[in-house]
Amino acid sequence: LNGSGLAVGAEMICDASYVVQASDVTAGIYTNTATADSTETPLVSDTVVVPISPSALSITKSIITPAPYILGKLLTYEIRAKNIGNTTLTNVTITDASAALGICSPLNGSGLNVGEEMVCPATHVITSADVVSQSYTNTATADSTETISLTDTVTVQITQNPAMEIYKTVTSDGPYLAGSLVTFDISVINTGDVTLHNVQIAEVTGDTTLGTCPPVTLAPTLVVSCTATHTVTAADMLSGGYSNTASADSDETDLITDTE
C-alpha cells in the first residue's frame with residue numbers, strides 16, 4: 001500500500017488512469033509526471049509524453065431482425081461508423097467477414113467529416129451449423145486512413161426445433177380374406193432442424209409384426225422406413241376391417257403415432 005516500507009530490492013507498483021480531454025486533442029500530446037518519495041530519500045519523478053491523435057472513429061453493430069432465430073431465417077444488421085474525432089477521416093471502410101454487406105451510405109471508402117457517420121446493412125441466413133452451435137456470432141470492422149481498425153460483435157441465440165412426422169401406409173393389394181397377409185410401410189421423416197438420436201419405430205397394435213427396425217440417428221430431411229405385417233383374422237372379417245397404429249420416438253422429441 002502507498003506509505004508502506006520497502007526492503008532492499010523491493011518495489012511498490014501503482015496503477016493510474018486518465019481520460020483524454022478535448023484540450024489534449026488540441027495540443028496533440030498529453031504529458032504526465034509521477035513522483036516518489038520516502039523518509040530517507042529525496043523526491044524523484046518520471047514523465048511520460050503520450051501523443052494524442054485528433055482523429056477518432058467509432059463502430060456500432062446492431063441486430064434489426066427480431067427473435068426467435070431459427071434455421072433459414074434472414075438476419076439483418078445495421079453497422080454504423082462515426083467520425084468522433086476533430087479532423088476529417090478519409091477512406092472510411094466497413095467490412096464484415098461472415099455476413100453479406102449491402103450498399104453503404106455514403107459509399108464504402110468515402111470520407112467522413114467530423115460528426116458524420118457511415119451506415120451499412122448486412123445480412124446472414126441462419127445455417128444448420130448455426131443451429132447446431134445454438135448461436136451465431138458476427139463481427140464488423142471499421143477503419144480509415146487516419147485511425148486504427150475497430151470492431152463490434154453481435155451474438156444471437158438460435159432456437160433449435162426438433163420435430164418428426166410418421167406415415168403408415170398399406171403396401172399390399174386386396175381383397176383381403178381370412179388368412180391374407182397385409183403389409184405396411186412405416187416411414188419417419190426428420191422435419192426439424194437438428195439431428196435426432198435413437199429414433200425408434202414401434203407397433204402399438206399387438207397383433208402386427210414389425211420387421212427388422214433398429215434405432216437410428218436421423219439428420220434433418222432424412223427418412224427411415226420399416227415394414228410390418230398382419231394376418232387377417234376371422235375377427236377382422238366380422239368387424240369389416242382392421243385398424244393398426246404405429247409409433248415413433250426419439251431422444252429429442254415426444255412420441256408420435258399414425259393409424260392405418
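Treat the numbers as computed from the prediction; the structure is a model and nothing was measured. Every heavy atom of this structure was used, including side-chain atoms; hydrogens, water molecules and symmetry mates were not. The residues of the chain are indexed from 1 along the displayed sequence.
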Compare every heavy atom of Ser180 with every heavy atom of Pro175, then report the nearest pair and how far apart it is. O-OG, 4.4 Å

Shortest non-hydrogen contact between Ser247 and Thr257, atoms and distance: CB-CG2, 3.8 Å

Where Ser250 and His197 come nearest, the two heavy atoms and their spacing: CB-O, 3.5 Å

Is Leu112 linked to Val114 within one hydrophobic cluster, defined over Ile, Leu, Val, Met, Phe, Trp and Tyr using a side-chain heavy-atom separation of less than 4.5 Å? no

Mind checking the OG1-CD spacing from Thr245 to Glu260? Nearest 0.5 Å is all I need. 10.0 Å

Given His124 and Asp130, is the side-chain contact (heavy atoms from CB on, under 4.5 Å) satisfied, shown in steps? CA-CA 11 Å; His124 171 76; Asp130 300 330; 2.8 Å; yes

Distance in Å, Thr93 OG1 paired with Asn91 CG, rounded so as to fall on 0.5 Å steps: 6.0 Å

Would you say the side-chain atoms of Asn190 pair up with the backbone N or O of Val194, donor to acceptor, closer than 3.5 Å? yes

Linked, directly or transitively: Leu222 and Leu196 (ILVMFWY side chains, under 4.5 Å): yes

Say whether, by atom type as modelled, one donor and one acceptor occur between the side chain of Ser172 and the main chain of Thr183 under 3.5 angstrom. yes

Shortest non-hydrogen pair, Ile186 vs Ala246, comes out as CD1-CB, 3.8 Å

Walk me through it: do Ser110 and Met118 pass the test side-chain contact (heavy atoms from CB on, under 4.5 Å)? CA-CA 9 Å; Ser110 300; Met118 177 180 293; 4.3 Å; yes

Reported OG-to-CD distance for the pair Ser133 and Gln160, which is rounded to 0.5 angstrom: 8.5 Å

Verify side-chain contact (heavy atoms from CB on, under 4.5 Å) between Tyr18 and Asn32, making sure each step is shown before the conclusion. CA-CA 9 Å; Tyr18 174 77; Asn32 180 263; 5.7 Å; no

Side chains of Ser55 and Thr87: donor-acceptor distance under 3.5 Å anywhere? yes

Side-chain (Asp193) to main-chain (Asn161) donor-acceptor, under 3.5 angstrom: yes

In this structure, CD1 of Ile94 is separated from OG1 of Thr141 (nearest 0.5 Å) by 10.0 Å

Gap between atom CG of Asp143 and atom OG1 of Thr151 - 0.5 Å precision: 11.0 Å

Side chain Asn83, main chain Asn113, donor-acceptor under 3.5 Å: yes

Report whether Leu101 and Val92 are members of the same hydrophobic cluster (ILVMFWY, side-chain heavy atoms less than 4.5 Å apart, transitive linking). yes

Do any N or O atoms from the side chain of Lys73 and from the backbone of Pro68 form a donor-acceptor pair under 3.5 angstrom? yes

His230 and Asp236: side chain donor to acceptor below 3.5 Å: yes

Aromatic ring proximity, centroids under 6.0 angstrom, Tyr136 and Tyr69: no

Does any part of the side chain of Leu177, heavy atoms only, come nearer than 4.5 Å to the side chain of Val232, both counted from C-beta? no

With the 4.5 Å side-chain cut-off for hydrophobic clustering, are Val20 and Val50 part of the same group? yes

When every non-hydrogen atom of Ser128 is compared with those of Leu71, the smallest separation belongs to N-CD1, 3.5 Å

Kindly work out whether a path of hydrophobic side-chain contacts (I/L/V/M/F/W/Y, heavy atoms less than 4.5 Å apart) joins Val119 to Ile63. no

Evaluate whether atom CG of Leu74 has more than 12 neighbouring non-hydrogen atoms of other residues, nucleotides or ligands under 6.0 angstrom away. yes

What's the verdict on side-chain contact (heavy atoms from CB on, under 4.5 Å) for Ile126 and Ile70, showing C-alpha distance, side-chain angles and the deciding distance? CA-CA 7 Å; Ile126 295 176; Ile70 60 175; 5.8 Å; no

Return the minimal non-hydrogen interatomic distance between Ile158 and Ser135, and the atom names on each side. CD1-C, 3.7 Å

Going by side-chain hydrogen bond (donor to acceptor under 3.5 Å, both in side chains), Tyr242 matches just one of Asp207, Thr233, Thr231. Which one? Asp207

Answer yes or no: does atom CD1 of Ile29 have more than 12 heavy-atom neighbours from other residues, nucleotides or ligands under 6.0 Å? yes

Gap between atom CD1 of Ile79 and atom CG of Asp152 - 0.5 Å precision: 9.0 Å

